[in-house]
Each structure stands twice: as structure tokens, then as C-alpha cells.
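Given the structure is predicted, the values throughout are model-derived calculations rather than measurements. In what follows, chains are A, B, ... by sequence order, proteins preceding strands, each numbered from 1.
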Amino acid sequence: MSTIAHTQKKGFAGTVWEYLTTVDHKKIAILYLLAGGFFFIVGGIEAMMIRIQLAVPNNDFVSAGLFNEIITMHGTTMIFLAAMPLLFAFMNAVMPLQIGARDVAFPFINALGFWLFFFGGLFLNLSWFLGGAPDAGWTSYASLSLASEGHGIDFYALGLQISGFGTLMGGINFLVTIINMRAPGMTYMRMPLFTWTTFVASALILFAFPPLTVGLFMLIFDRMFGSGFFDVSMGGNTIIWEHFFWIFGHPEVYILVLPAFGIFSEIFPTFARKRLFGYSSMVFATVLIGFLGFMVWAHHMFTTGLGPIANAIFAVATMAIAVPTGIKIFNWILTIWGGSIEFTVPMLYAVAFIPSFVMGGVTGVMQAAAPADYQFHDSYFIVAHFHYVIVGGIVLGLLGGAHFYWPLMFGTMLSEKLGKITFVLFLVGFHLTFFIQHFLGLMGMPRRVWTFLEGQGLETGNLISSIGAAFMALGIIVLLVNVVITQKNNVQVGRDPWKDGRTLEWALPSPTPYYNFKQLPLVRGLDAFWIEKLEGKTEMTPAEPIGDIHMPNNSFMPFVISLGLFIAAFGAMYHADEGKGWAIPVLIIGMLITFGAMLYRSIKDDHGYHIHKEELLDDAGKGGTH
Amino acid sequence: MAAEQKFTPQTWPESPEQATLEGKNKFLGFWFFLGGETVLFASLFATYLALKDSVPSDTHAKAADLFELPLVFLMTMLLLTSSLTSVFAMYHMKNYNFKKMQQWLFITVVLGLAFLGCEIYEFNHYYHEYEHKFTSSAFGSAFYTLVGFHGGHVVFGLSWIIALMIRNAKRGLNLYNAPKFYLASLYWHFIDVVWVFIFTVVYLMGMVG
């Protein structure tokens, strides 16, 4: 079999085809970054519309109904279509390299996961053009969502179902990769923290997404197929949705924040030039947070009326999570302590993250006290809290990670100067927007309101909040300019661009060869590359002689399988409408495409191909140009 | 290629499903997948228990009115036996006896189809005799969703096994398809385990009270 024949195609169409069919984790990472970045901007525009509407009292920038659609789509987009895929981008780009693997365990499923996410997100966002977006909030509580007219909620349920399948597959893939594909010597307790957090987050995905799948199926059945799970008049129970949503939804918070913790745990040692303080306690805290994350979902439902005993148990469990999180905070601080610190852009994000996130954590413990939560519930205090956790934790992690790993993914370095401008604008804007919202909430401003009245003391706070949002938007615009300039100049920076890389991913030539490691590296301890550097070496010690490398073939099937579900979703959604007789055939055709493509994949052998030893020797360590 | 290598019963490895890295990955990945499936069915069971006998009015049939032991006992026996026959198939797979493996898989498929036939009869019976429908009550929705998801898994499992049998009928066993057969049988066992819980939680507990 020819080894690189299919990579010889050049030109724009060839590149598009390459990305449509790629199974290479580095390219899938770029796809995740592009798609996640796009949805991040869409969600950001929605956020700006919210803040414009709320900038002054009695505003009529958007109508009340449209406002509901915007807040719903802002939350849903940011969580499912921006934060998750952006983290998946870094997991794909970095984790296999960190453990010294040539690819993930299931390259095909990796691509399938991306395309399912992409088509699910596309389907959800098409709602804007096809009769209106979902409008029951990102939590889509059944008592609201069953009453919502039009197809908005149908777009929500079907779109999230499709993208959820993709996420689940990604999670399983990462778990198996980390367990089975580590390089010689890479024991569990030598794995970099980002790999550890990816591992724990993937385990959370595995156990948290199926309840969401079931909840979404029930919502789909109730809305489109006449069942009565949440319909009280048929004997149903609307609280079931709340439980399933939060049994998924709370671990989801940790699925998002743990990898962000992982990114910071890589940035701190690199730029403090000091080993991560308390590595084993960091691992322990990560696992413990993952475990406790499943025990606390009902703290979102304190006011639902589960009773004082349930509330007390969930309150205590929630407060307990502050302990492992506190361990992490202190470990990060002690990593910086006494280090030879270099304030690069990633390090700035990491340093700013600590106080920002702690503030979100403190308000979290406040809400964990169930009686107090009756006061905070559904107020702007809650909005302030979760934005402090999500923006102060996850988004700062994503921005820091983007600057940190940009050279690894693209071979170029984002401008430090523009990066610092983005950082200042974004951080100032973030605190300006959300700090004041704590007080708006305590003064009684409910969340999800379309507008507010004059003379209730809410004007100044809301105006400040909206000004802050504009700062954040400016920061992101500067980041986009930075990206464009950097990629246009295309100055290749080569191996280990930060000079202080500690882990395996920095030991590779840049751009990373498409087979990653010519010879699998021998890992001799935590911070494997740093150990080699201390001995004056510039490369890893190989663990094997140069030999043939087995590679997977590209495939168009992941795209087709996902497209089938995308088509079927339209059929499922419209079949109950009058005069839409085409809907059921479309549903069937879509499912046939999906299952047909799966059968094709099962029947047709795909052994991959081998890169021969001679070609590797010719490559002379310059890095592949796949 | 290692994957297409020909074997004899003597050279065939001890655990052919895990003899290659791909096989090892699939083995572990599939177990994780079954872990996720377990949570999926646990959620469906929880929903069913929450909505059991929850009907809009007294004219609707409840669990105690619906279920009859002989039929579900027969279904349970069919499915349990099919799990056993798939074990025999895997025994022969491990001994590189392709023909016998195919025979036992064939018996597994026949038993699975018989189970499916009983289930279709059962649903049809409830629907027409008792007006117990997916859309008639929350109880009906929860019942058909839980048992139907299991039935859907049976359909998928049967299609999978049949596809593998036909695809590999002429070429026999190798290290590329051995993991595939093994995973299909693992899936089949999982379906069986879920049924044991359905038999207990839905049918036995339904008839007792």
C-alpha cells in the first residue's frame, strides 16, 4: 500500500478534502479549535446583545421573546459548542504527545466525535433561521420547555443529542488512549497534570452524558412523539428532567474546569521554572473532585422542595468539594513561590486565574448553604457566581492555553504584545461585568429578566456590567487580529519555543511530524523532557530502534455517519406538523445513511498503512510536512 | 500484514481478541462503552420506577393487570440460553474452530430472533388488549422506553452478529476480525444482563405489587 499517496493532493480542494477525512489527532484538534472558536464568537455576540438590552432600564433593543432565545442560546452555545470543543481541541492536540503516543486509540472514532459535535451544533444554530431558537433557558426545565411553541426546543433536544454522542465517543477514546498508549516508562504517576485532568474529565463524560442522553430522549419523545414523561396530566413528573439534567449538568462543570486546571498546572511550572508543587496531591485532588462532582447535583434544586434532609446532605457534599479545590489552589501558589518567574501571556492568565476562580469558589460555598440559597436562587448573584467559575476558570484557561499551545499546534508564536493587550482588556472587562452582578443579585434583580425599571437602584450596576462586556469583546477582537497577523507572517519558531518546556510535547520537532514520534521516547520521570535537559540533551532518549510505523487511513465515513443523523433530525422534528408528509421518509433516509455508513465501515477492512523505516531515516528529524 | 496472517489451531494465540494493540484498545474501549450503557439503562430504570403505575385515570391498565409470567419466563429462557450459546461460540473462536463458532452464533441469532418475536407479540398484546400505549400514560411511555431500548439493543446486536457472520463466512478467523466477534458477544452478554434486571424490576416486581 502506498504510504503517503493520498497526501500528495495539493491546493485548496485537496486541503478541504484532507480535513474532511482526516483521522490525525493534530488536525482534528485544529478542526475543534476552528469550530469551537466560531461558536465562541457566536455565543459572545449573543452575550453582547444581552448586555446591550440590559444597559439601561426599560430598554427595547430586543423583544422579550427574542431575549429568551438569546439567553438560552448564549448558555447552550457557550457550554456545549464553545467550551467543550475548545477543551477537546487542546486534549487532542496535546494529550497524545504528552504521553508519547503516535495517535489516539481510535483515530476513526476521534473524527466521528468531531463531526457529530459539528453537525449537532450546526443543527442547533440553524434554529435561528428556521422559525426561532429555543427559549426555555439552557437548562430547558420540562415545565417550560414542553409549553414552548414552535420548534426551538426541538432544535435544542435533537442538536444536543447528536453532539452529545460525539462527546461521549471522545471521552471513551481519551480514556483508552491514556490507559493503553503511554510510552515506555510513562507510569500513571509520571503523567503530566493535563493528561491526568483529561483522564478524569473523560471518565466524568462517560458517566455523566448517558443521563443527559436519556433526559433528551424523553424530551424528544414528549415533544415530538406524544409520550408523557414530564406531562402531569398523563401521570408524568416534571422533576425527572431536573434530576437528569443536573446529574449530567453538575459533572459537566467539572468536565470543563478540570482540563482548564490541567492547562494551568502545565503553565505554572513552565514559567515559574520549577516542578509542580505537590504533584501527587494534585492528582489525588483531581480524582476526588471528579468523584464528588457526581454527589452534588441536587444543590441546583434546593428550592424544588426535596425536603430538608436531602438539602442538608447535598449542602454538605457541596461544601466538601472546596477541600480538594483548595488543595489545588495552594499547590499552584506554592509552585510559583520561589520560582524564577517569567510573565509571558500564558503565565499572566494563570496568575489572574487564581484570585478570579477563588472568588467564584467562595460564592459557590455561600450557595451551598441551602437556607441562604433560597435567597440567592434565580438572582443575578447566581449569574455572577457561575460566570466567575466559568470565565474566571475555564475561559482564562482556554485563552492561556491558546497562547501556550499555539506554537505546538501551528508552529508559530502569537504576539506577546497583542496578547498582553487582550489579557488586560479581557480581565478588566470580566471583573467589571460580573463583580457588580453579585450586588445586583443581592439587591433583588432576578436572572433571565428581559428588562428592569428605573428608580430601583439597578441602573448603575447594569450599566457598569455592560461596559465591562464591551471590554471583553474588545479583548477578543484584539486576539483575532493577533491570530490573523501571526498566521500571515507565519514565522516558524521551531522546537521548544518557550525554552522551558518540561513535558514530552515540547521535545518534538516543529511542526510535529504526522507520525509524532519517530522512535517512542523513554520516559525516566515526571517532566520527562526537563530531565533530559538537565543532563544537557536536547532530545528524548529513544526507547526503541527506528522501525516501521503503523498509521490509520483517512476516512470520509465519520462525516457521512454524522450527516445521516443531521438529516434524520429534520425528519424527527417536522413529522408531527401538518402537511409535512416528507418528514418521515427524511427520518428514515437519514437513519439509513447513518447505519449504512456504519455497516460499510464494519464490512470494509481498514488495516491502515505502514511508514517504512527507510522513509523515516530520510526524514532526518526535520519534522514531517504531511 | 499481521492482521491477515493465517493461523493454525496451534499458532492461534491464547486471547486472540487482545493479541494486537487494536484489539486491546477495542477490548478496553468497549468495556468503557458498556459502562456508559449501564448508566443509560440505570437512568431508564429510575424513570420507570418513578413513573410505574402512574396513569391519568383508573381506566388505564397498571402493571399488575398487564404482565403474565409464562410469556416473560419464556423470553428470559430464550435470551439466557442465547447468551450461553454465544459463550460456546467464543470458546470455539478461541480454539480457532471457525465452523463451530459460526454454528453457535447462528443458534444465538435464532434464539435472539425468537426473543424478539415474543417481544413484538407482547407489545402488540398490551397495545390492543389493554390500550396500554406509548402515548396513553406516563407509565406506558416509561415502560415502552425502557423495554423498547432493550429491544432496540437486541435488534442492533443481532444485525451486528449477522453482518459479521456473513462478512467473514468465506475467509475464516484472523486477528483482525477476532476482536470484532468477541465484542459482539460481549454486547450480547450485556443485553442479557439488562434483561435480567428488566425481568426482575419490571415484570416480577410488577406482578407482586
Side-chain angles (χ1 to χ4, degrees), chain A residues 1 102 104-106 109 168-169 171-177 179-181 202-203 205-215 217-218 221-222 225-237 239-241 243-244 247-248 294 550 552 595 598-599 602-610, chain B residues 1-4 20-22 24-48 50-57 60 133-142 144-146 148-149 156 159-160 163-164 166-168 171 174 176-177 180 184:
Chain A
M1 185 174 260
R102 292 216 168 93
V104 290
F106 307 110
I109 287 186
L168 184 63
M169 288 177 196
I172 293 175
N173 194 3
F174 290 141
L175 283 171
V176 178
T177 304
I179 293 175
N180 274 0
M181 311 274 283
S202 301
I205 287 173
L206 177 60
F207 294 114
F209 267 74
L212 177 72
T213 306
V214 169
F217 266 127
M218 294 196 288
F221 291 164
D222 268 16
F225 297 92
S227 66
F229 291 103
F230 309 129
D231 185 348
V232 180
S233 71
M234 289 172 75
N237 183 343
I239 306 298
I240 292 174
W241 167 269
H243 277 294
F244 281 138
I247 289 172
F248 148 76
F294 277 101
H550 180 248
F595 284 110
M598 283 165 70
L599 183 67
S602 174
I603 285 176
K604 196 170 179 307
D605 284 2
D606 183 4
H607 295 306
Y609 64 94
H610 281 80
Chain B
M1 301 279 134
E4 284 150 0
T20 59
L21 177 63
E22 196 185 350
K24 274 195 195 83
N25 286 344
K26 283 185 171 180
F27 179 81
L28 187 63
F30 204 77
W31 272 106
F32 280 127
F33 170 72
L34 292 182
E37 288 261 275
T38 305
V39 183
L40 183 107
F41 275 102
S43 305
L44 291 171
F45 274 108
T47 309
Y48 176 79
L51 297 178
K52 186 190 162 199
D53 288 345
S54 189
V55 289
S57 72
H60 287 79
K133 299 173 186 171
F134 183 66
T135 53
S136 65
S137 67
F139 171 47
S141 307
Y144 286 111
T145 304
L146 171 59
F149 257 74
F156 188 86
S159 317
W160 188 3
L164 284 179
I166 295 173
R167 169 66 183 93
N168 296 295
R171 67 173 173 181
N174 57 40
Y176 181 68
N177 60 26
K180 297 185 174 207

message = Does any backbone or side-chain atom of A:Ile603 lie under 4.5 Å from a heavy atom of chain B? Answer side chain, backbone, both or neither.
response = both
remark   = Nearest heavy-atom contact between A:Gly228 and B:Ser141 is N-OG, 2.9 Å
message = Using heavy-atom distances under 4.5 Å, tell me whether B:Lys26 contacts chain A through its side chain, its backbone, both, or neither.
response = both
ask   = Given that the side chain runs from C-beta out, which part of A:Phe225 has a heavy atom under 4.5 Å from chain B: side chain, backbone, both or neither?
value = both
Any B:Phe149 side-chain heavy atom under 4.5 Å of A:Val214 side chain = no
query = Given a strict heavy-atom distance threshold of 4.5 Å, which part of B:Ser137 is in contact with chain A: side chain, backbone, both, or neither?
reply = both
key: Heavy-atom contact with chain A under 4.5 Å, split by part of B:Ala142   = both
inquiry  = For A:Thr213, which atoms come within 4.5 Å of any heavy atom of chain B: side chain, backbone, both, or neither?
reply    = side chain
inquiry  = Please classify the contact between A:Leu206 and chain B as side chain, backbone, both or neither, with a heavy-atom cut-off of under 4.5 Å.
reply    = both
Heavy-atom contact with chain A under 4.5 Å, split by part of B:Phe41 = neither
ask   = Out of curiosity, B:Lys24 NZ to A:Ile179 CD1, how far, rounded to the nearest 0.5 Å?
value = 13.5 Å
query = What is the minimum heavy-atom distance between A:Ser602 and B:Leu164, and which atoms define it?
reply = OG-CD2, 4.5 Å
ask   = Which bit of B:Tyr144 comes within less than 4.5 Å of chain A, counting heavy atoms only: side chain, backbone, both or neither?
value = neither
ask   = Where on B:Leu21 is there a heavy atom nearer than 4.5 Å to chain A: the side chain, the backbone, both, or neither?
value = side chain
task = Measure distances from A:Phe230 to the heavy atoms of chain B and classify the residue's part below 4.5 Å as side chain, backbone, both or neither.
result = neither
ask   = Can you say whether A:Asp231 sits under 4.5 Å from chain B via the side chain, the backbone, both, or neither, judging by heavy atoms?
value = neither
